[in-house]
Engineer: 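Below you will find the structure I want to go over with you.
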Amino acid sequence: MTVRPLTRPAAATAPHEIHARLAGVTRTYGAVGGRGGVHALGPVDIALRRGEFYSVIGPSGCGKSTLLDVLSGLSRPSAGTIVFEGRPVDGAVPDGVGVVFQEDASFPWMTVRDNIGFGLRENGVDAAEIGRRVDAALALMGLRDFAAAYPPQLSGGMRQRVCIARTLVMQPRLILLDEPFGALDAQTRLIMGDELLRVWRETGATVMLITHALDEAAMLSDRIGVMSARPGRILAEIETGWPRERDSRIAADPGFGAVTSRLWGLLREESLRAIGAQAPAGADRA
Amino acid sequence: MSRAGLVRTAIVVAAVAALELAARGGLLRAGVAVPPSEVAAKLWSILRAGDANADLAETLGNVALACGLALVAGFSLGAVVHGLPRLRRALDPFLASYYALPFFAFYPVLIVVLGIGRLPIVAIGFMFAVVAMMVATLNGFDRIPRALPRTARVWRMGPVRTALKIKLPSAAPHLFTGIKLAVAYAFIGVIAAEFIMATSGLGYAIAYAFNNYDNRTMYALMLLLLGIVVVVNGVLHGAEQRLLARRRAR
Amino acid sequence: MPTRLLDTLLVLAVGLLAWQGVHWLAPDAVTSPAGTVARAAEMLASPRFWPHAGETAWAFALSLVFAIGGGLAIGLPLGLHRFSAEVGEPILVSLYSLPKITLYPVILLVFGLGLSAKVAFGTIHGLVPVAIFAMNGVLALPPVYARAARALRLSRWRTLAAVLAPAAVPEIVTGVRIGFSVTLLGVFIGEMFSSQRGLGFLLMNAIGLHDVPTMLAIILMVGAFAVTANAALLALEHRLHHRPA
């Protein structure tokens, strides 16, 4: 099946061109007048290369989602700078950034087709172009037969596909995903992971995936940033060295076990700390 | 009709039949209970003669005005207050106690302030309905999944567009509860105000018939009011079911 | 939280200021807050006031007992039986949204003037919301409660008394709170139209005499009582809804 590309394929660029950069980013919650509060994140430094698949993995409550929030511009960092395509990001989501949330964000009052086209309509794209892009996204995400359905009639996996398709039609150059498969069962996760890889290849976008699943990070990523327990910092960045053409069967590769065991080696202690020293609940996702 | 609907209809029919028999059989004091068939006949003659048309039109106009204002104001207030958590927390105790106030006691005060006529009646209906809509809006907005307004921010939608295109439809089931309550409360407020001390309107007509020992007319007008309320509720219920049907999980 | 209390007091102050403002605009129509409180204090000190208050209190207490008892007796069984609830709910909701004041003449015809008419009128106001909340409270319980009770081989009665009713208590309290308010409203309105005693009668009397300070003082006192009782029930409700699992 050939599908019209949703995004202009990445221009031939110099290797390791930096697409987005976080420098010294921290986030503190609930601090009033400089006292108290929860230090949720950082300082964190990450440089995302154009077109790479980067995953952030860390123990629960380490500030992974906070990291995504500040990078997308949904919230402001307490300190540090974020740059996307050469421009600073501060408190607003820049053009070219798409976000897929862990929670089901599909609109139950719209059909799948209307859901996917909604962002385009809001941004004043003309109807013919919307139709073209929505059709392409429906095809890419395997939703063609469900275009007229309403999300509550679909399974959780299908609803998340709708959300991904809704992000893709905006032709983002940077796609941020916050544990998008967290609510799905194990087999569906594997299939969705493969689809995400396919989307990543076909769109040429840079992808940053937040996850707590070792195998998911190891399977999908070019690079993995491993975070410490709260306040989350990047402990290490691991290059997987997978080829661009890959899918979940990479798990059978002898190198796969090496990657996961390295990840677990780094994470085990942090996870224990996270469980033992549970910080005040709710601050991370507040 | 559903099985529940059939049983419900059967119960209502049986109750009416029992009342008819009791009234005809002299079980109830004559004059107190008028057989439902005679009440219906009286209503029919009133409607045919058009005797109640002016009062009915006035009452429905008052209800529509009070209710419309209450829905718009209640939604807007709810949406604004929801965006201001501090104000909302401060208002919460007042909102929760609002319906504990004996409203109709204010009616004489409103007459003194607003004068006699439609205004105090619509004001009572509005006051009675607006907070129900506002509270329903707050409840509905509380239950909007966090990811939805965040999605709107990713698309760089402004606060008003987000409120109208994302929050309003997302909170629609709760807003519908508010609409149903607001309609019912507007009816209660307007009719009660008319009943207490107006000089026209359906509520007044019922009180007038009572005071003139014209029980037949009184019951007929009550039946008319009951019919209107039931029809309005039915229409709203049907609209709500259609809205919810799509949202139900498989 | 102190800021929260402060904010609430601030809202109260704005409300009082608005009241005062209306008084300045129309001094004859609306007594000032201070004047109203003074009149209320005067009434509370008068021996002629208390028999009226007692009459209202007695009628209200009786109505409340009938409304809560009757509401639970109707609502709980309906909640247990889903089909009955489906049949009954629209009837209850229609009754709730009916302007009950129009039924007052019927009540008067049936009960005559006096205490029983007031009590009947208060009861029909409060009974329906208590029934609706009790029914929905039981209906909304997770089915696993009933299944757990069956696994423990409880009888139908024990299931209701020991599992379902206690689990539905928070919803029932909400219904009682709303029932409380509307029952008071019903009794008060009843007194306004057909009684020679009670606070409603005093209010109607004051309206007839254009005695604005007394009107507002009575509204203030009844309102203060209703709001205080409501706040107490609300606090109870909050405790029940957030009780530790």
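Every chain is numbered from 1 and lettered A, B, ... according to where its sequence line falls, protein lines coming before strand lines.
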Engineer: Taking B/A152, B/S170, B/A172, B/P169 one by one, which has the highest count of heavy-atom pairs under 4.5 Å against chain A?
Structural biologist: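 The residue among B/A152, B/S170, B/A172, B/P169 with the greatest pair count is B/P169.
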Engineer: Quick check: are there more than 12 heavy atoms from other residues, nucleotides or ligands sitting under 6.0 Å from CZ of A/R21?
Structural biologist: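 It does not: A/R21 CZ has 12 such atoms or fewer within range.
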Engineer: Which answer fits A/S106, side chain, backbone, both or neither, if we ask what part of it has an atom under 4.5 Å from a heavy atom of chain B?
Structural biologist: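 For A/S106, backbone heavy atoms alone lie under 4.5 Å from chain B.
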Engineer: Measure the spacing between CZ of B/R146 and CD of A/Q102 and express it to the nearest 0.5 Å.
Structural biologist: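 The CD atom of A/Q102 is 9.5 Å from CZ of B/R146, to the nearest 0.5 Å.
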Engineer: Would you say the side chain of B/I166 lies within less than 4.5 Å of the side chain of A/F107, judging by non-hydrogen atoms?
Structural biologist: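 Yes, close enough: below the 4.5 Å cut-off.
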Engineer: Would you check if A/M170 and B/V154 make a side-chain contact, meaning some heavy-atom pair closer than 4.5 Å?
Structural biologist: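 A side-chain contact under 4.5 Å is absent here.
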Engineer: Report yes if some heavy atom in the side chain of A/R121 is under 4.5 Å from a heavy atom in the side chain of B/W155; otherwise report no.
Structural biologist: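 In short, these two side chains do not touch, never coming nearer than 4.5 Å.
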Engineer: Can you name the residues of residues 71-88 of chain A that have some heavy atom under 4.5 Å away from a heavy atom in chain B?
Structural biologist: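 Against chain B, the residues of residues 71-88 of chain A that fall inside the cut-off (heavy atoms, under 4.5 Å) are A/G73, A/L74, A/S75.
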Engineer: Check whether any side-chain heavy atom of A/E103 lies under 4.5 Å from a side-chain heavy atom of B/L148, and answer yes or no.
Structural biologist: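 No. Closest side-chain heavy atoms not under 4.5 Å.
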Engineer: Between A/W109 and B/K165, what is the shortest heavy-atom contact and its length?
Structural biologist: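 Smallest interatomic distance, heavy atoms only, reads CZ2-O, 3.7 Å.
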Engineer: With a 4.5 Å cut-off on side-chain heavy atoms, are B/R153 and A/V99 touching?
Structural biologist: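 No; the side chains remain at least 4.5 Å from each other.
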Engineer: If you measure from CG on A/D178 to CZ on B/R150, what distance do you get to the nearest 0.5 Å?
Structural biologist: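 Output value for this atom pair is 7.0 Å.
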Engineer: So what's closer than 4.5 Å to chain B heavy atoms on A/D95: side chain, backbone, both or neither?
Structural biologist: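 The answer is both parts of A/D95.
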